[in-house]
Every structure is written in C-alpha cells, then in structure tokens.
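Each remark here refers to the structure printed beneath this line.
We count residues from 1, following the sequence as given.
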Amino acid sequence: MEGRAQTIESRKNKKIKISIIPGHFATNHSHINYYVDMTGIKTSHKMAKAAAEQLANTYSSTHIDTIICLEGTEILGAFLAESLASGGINVGEDISVITPELNSNNQMIFRDNVQKNIWGKRVLLLISSVSTGKTINRAIECLKYYSGELVAIGSIFSAITDSNGIEVHAIFSRDDIAGYQTFVPSKCPMCQLGQKVDALVNSFGYSKI
C-alpha cells in the first residue's frame with residue numbers, strides 16, 4: 001500500500017507536505033478513496049511552524065481567545081497561537097490552546113479547570129482532516145454547552161469549504177487531491193464492486209486489514 005504513496009506540497013509553501021495513498025479506506029462514518037497522511041505536519045516542529053504561519057495569515061483580522069485542538073493538532077495549535085499573537089488583531093494576546101476529553105459516549109467534554117478558557121470566549125477550532133463535517137458538528141454542540149463562540153475553523157486538509165455558515169480554511173483541499181471522494185458506507189461504490197477495504201483509518205493513522 002505504501003508503494004502507492006504520493007507526496008503533495010502546499011501551493012503556498014513547498015516545505016509543507018502531506019502524503020496521499022489511493023485505495024479503499026474506512027473511517028468511523030464514511031468510506032474514502034484516498035488516505036491523507038498528515039504525520040509530518042503533526043510531528044515535525046519545522047513543518048508545523050510553517051503550516052501554522054500559513055494558517056495564521058487567514059485570521060489576522062479575527063479576534064481569537066482560544067484554540068481547541070482536535071485529532072492530534074496540539075503542536076500545530078501551539079505554533080498557530082504564537083503566530084496569531086505576533087501580528088494582526090491578536091498581537092500581544094495570550095491565546096489558550098486546549099484539547100477536549102472524550103467520555104464513554106464519545107462526547108467531547110472539558111473539565112472544570114479549563115472551562116474558563118471557553119465560557120464567553122471566541123474559539124478557533126483546529127482539526128487535522130475534514131471529510132464530512134460530522135466531527136465539526138459534534139464540536140459545535142460541545143461549544144454551545146460550554147457557552148463558547150465558534151469564530152473560525154482551520155484544518156490541514158478539508159474536503160468541504162464551510163460548516164454551519166463558517167468557512168473552513170485548509171492548507172490542502174479537494175483541489176490538491178484530484179478525484180478525492182467520500183461515501184456513506186451503505187452507498188460506497190467500491191464496496192458494491194467487491195473491492196476490499198485496504199485499511200481502517202482515523203486521526204492516529206491507519207491499520208491494514
């Protein structure tokens with residue numbers, strides 16, 4: 001499977017890269033025809049910093065108090081906070097960077113000690129990959145419960161351009177992955193053709209079947 005991997009560079013900064021593998025992959029709520037590997041941006045401090053700087057340019061006029069990091073984007077989130085506080089409307093601000101906990105029902109929750117970073121705060125939601133937007137919807141429900149205001153959504157890769165009326169700003173999009181498609185499992189054409197699932201994928205990576 002790895003032999004099919006292709007490297008894609010950001011159109012704005014060639015130092016920012018992802019890998020894609022064509023095939024048949026299953027996520028928790030969809031089937032996709034490409035696995036998007038963002039390991040480099042999530043783990044390399046140099047690439048994460050470059051990616052953060054690219055995203056930060058998008059939010060120079062958006063007041064942000066807190067960044068909520070999903071799917072292993074904490075390193076990227078820390079650099080993004082630093083970049084945001086270096087210029088624009090957020091210059092000099094101390095931006096909080098937090099991650100939700102998942103309870104036994106797979107709901108996002110925040111413990112009492114970090115809720116102060118959400119109540120009445122303007123929040124940027126940072127996510128590694130957006131395919132259908134279901135994870136964003138779950139995060140929005142969580143924010144409403146804790147009285148946070150979602151003002152921005154950022155991602156490494158996104159197959160959609162907006163969610164709940166808010167634009168999703170992504171470093172990589174469908175335009176960078178020709179032919180990228182996502183399907184409801186029950187209507188997946190690859191399944192209907194009897195094509196075997198190559199791997200199960202989530203925000204941590206993939207497991208071959």
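Under the 4.5 Å side-chain contact rule for hydrophobic residues, I109 and L125 share a cluster. A continuous path of hydrophobic side-chain contacts links I118 to I166 [ILVMFWY only; heavy atoms under 4.5 Å]. If you chain together hydrophobic residues whose side chains sit under 4.5 Å apart, M108 and V123 fall into the same group. V201 is connected to M38 through a chain of hydrophobic side-chain contacts under 4.5 Å among Ile, Leu, Val, Met, Phe, Trp and Tyr, so both are in one cluster. Under the 4.5 Å side-chain contact rule for hydrophobic residues, I67 and I153 do not share a cluster.
Note that the CD1 atom of I127 and the CG atom of L76 stand 12.0 Å from one another [nearest 0.5 Å]. Here T161 contributes atom OG1 and H169 contributes atom NE2; the two are 10.5 Å apart, rounded to the nearest 0.5 Å. Put simply, CD on Q6 and CD1 on I18 are 10.5 Å apart, with the number rounded to the nearest 0.5 Å. Atom CD1 of I136 and atom CZ of R138 lie 11.5 Å apart (nearest 0.5 Å). Interatomic distance, L124 CG to C69 SG, rounded to the nearest 0.5 Å: 9.0 Å. A distance of 12.0 Å separates NZ in K121 from CD1 in I95, rounded to the nearest 0.5 Å.
Between F157 and Y180, the gap from one ring centroid to the other is short of 6.0 Å. Aromatic ring centres of F25 and Y206 lie farther apart than the 6.0 Å criterion allows.
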Take T43 and I75 through the side chain to side chain contact (heavy atoms under 4.5 Å, CB included) test and state the conclusion after the steps.
CA-CA 7 Å; T43 60; I75 296 175; 5.5 Å; no
Going through the distances and angles, do I68 and L143 end up as a side chain to side chain contact (heavy atoms under 4.5 Å, CB included)?
CA-CA 10 Å; I68 293 180; L143 280 178; 3.5 Å; yes
Would you sort out whether F172 and I41 count as a side chain to side chain contact (heavy atoms under 4.5 Å, CB included), showing the intermediate values?
CA-CA 12 Å; F172 297 92; I41 297 176; 4.1 Å; yes
Criterion side chain to side chain contact (heavy atoms under 4.5 Å, CB included) on D37 and I21, from CA distance to verdict:
CA-CA 8 Å; D37 185 0; I21 301 176; 5.9 Å; no
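Residues D198 and R4 meet the side-chain proximity criterion, which asks for heavy atoms closer than 4.5 Å. N164 has its side chain out of reach of L150: every pair of non-hydrogen atoms, C-beta onward, lies at least 4.5 Å apart. In this structure, the side chains of E93 and L84 stay at 4.5 Å or more apart for every pair of heavy atoms. Proximity of S96 to K116: side-chain heavy atoms (C-beta onward) are nowhere separated by under 4.5 Å. The side-chain heavy atoms of V130 and T135, taken from C-beta on, include no pair separated by under 4.5 Å. Contact check for T27 versus I32: side-chain heavy atoms found under the 4.5 Å cut-off. Here the side chains of I16 and E9 are not in contact, with every heavy-atom distance at 4.5 Å or above. A heavy-atom distance below 4.5 Å is found between the side chains of H31 and H24.
For N90 (side chain) and I64 (main-chain N/O), a donor-acceptor pair under 3.5 Å exists by modelled atom type. At distances below 3.5 Å, not a single donor-acceptor pair connects side-chain atoms of N28 with backbone N or O atoms of N202. Within the 3.5 Å criterion, the main-chain N or O of Q181 finds a donor-acceptor partner in the side chain of N33. Between the side chain of S60 and the backbone N or O of G88 there is no donor-acceptor pair closer than 3.5 Å. The closest donor-acceptor contact from the side chain of Y146 to the backbone of F110 lies under 3.5 Å. One N or O on the side chain of N13 and one on the backbone of K15 form a donor-acceptor pair closer than 3.5 Å. In this structure a side-chain-to-backbone donor-acceptor pair under 3.5 Å is present from R174 to A159.
If you check the side chains of E71 and S128, you find a donor sitting under 3.5 Å from an acceptor.
Residue K49 places its NZ atom among 12 or fewer non-hydrogen atoms of other residues, nucleotides or ligands, all under 6.0 Å distant. Counted within 6.0 Å of NZ on K14, heavy atoms from surrounding residues, nucleotides or ligands total 12 or fewer; the atom is thus considered open. At most 12 non-hydrogen atoms from other residues, nucleotides or ligands lie less than 6.0 angstrom from NE2 of H45. Heavy atoms from other residues, nucleotides or ligands lying under 6.0 Å from CG of D94 number 12 at most.
For the residue pair V168 and S155, the shortest heavy atom distance occurs at CG1-OG, 3.8 Å. Residues S147 and W119 come closest through the heavy atom pair OG-CZ3, 2.9 Å.
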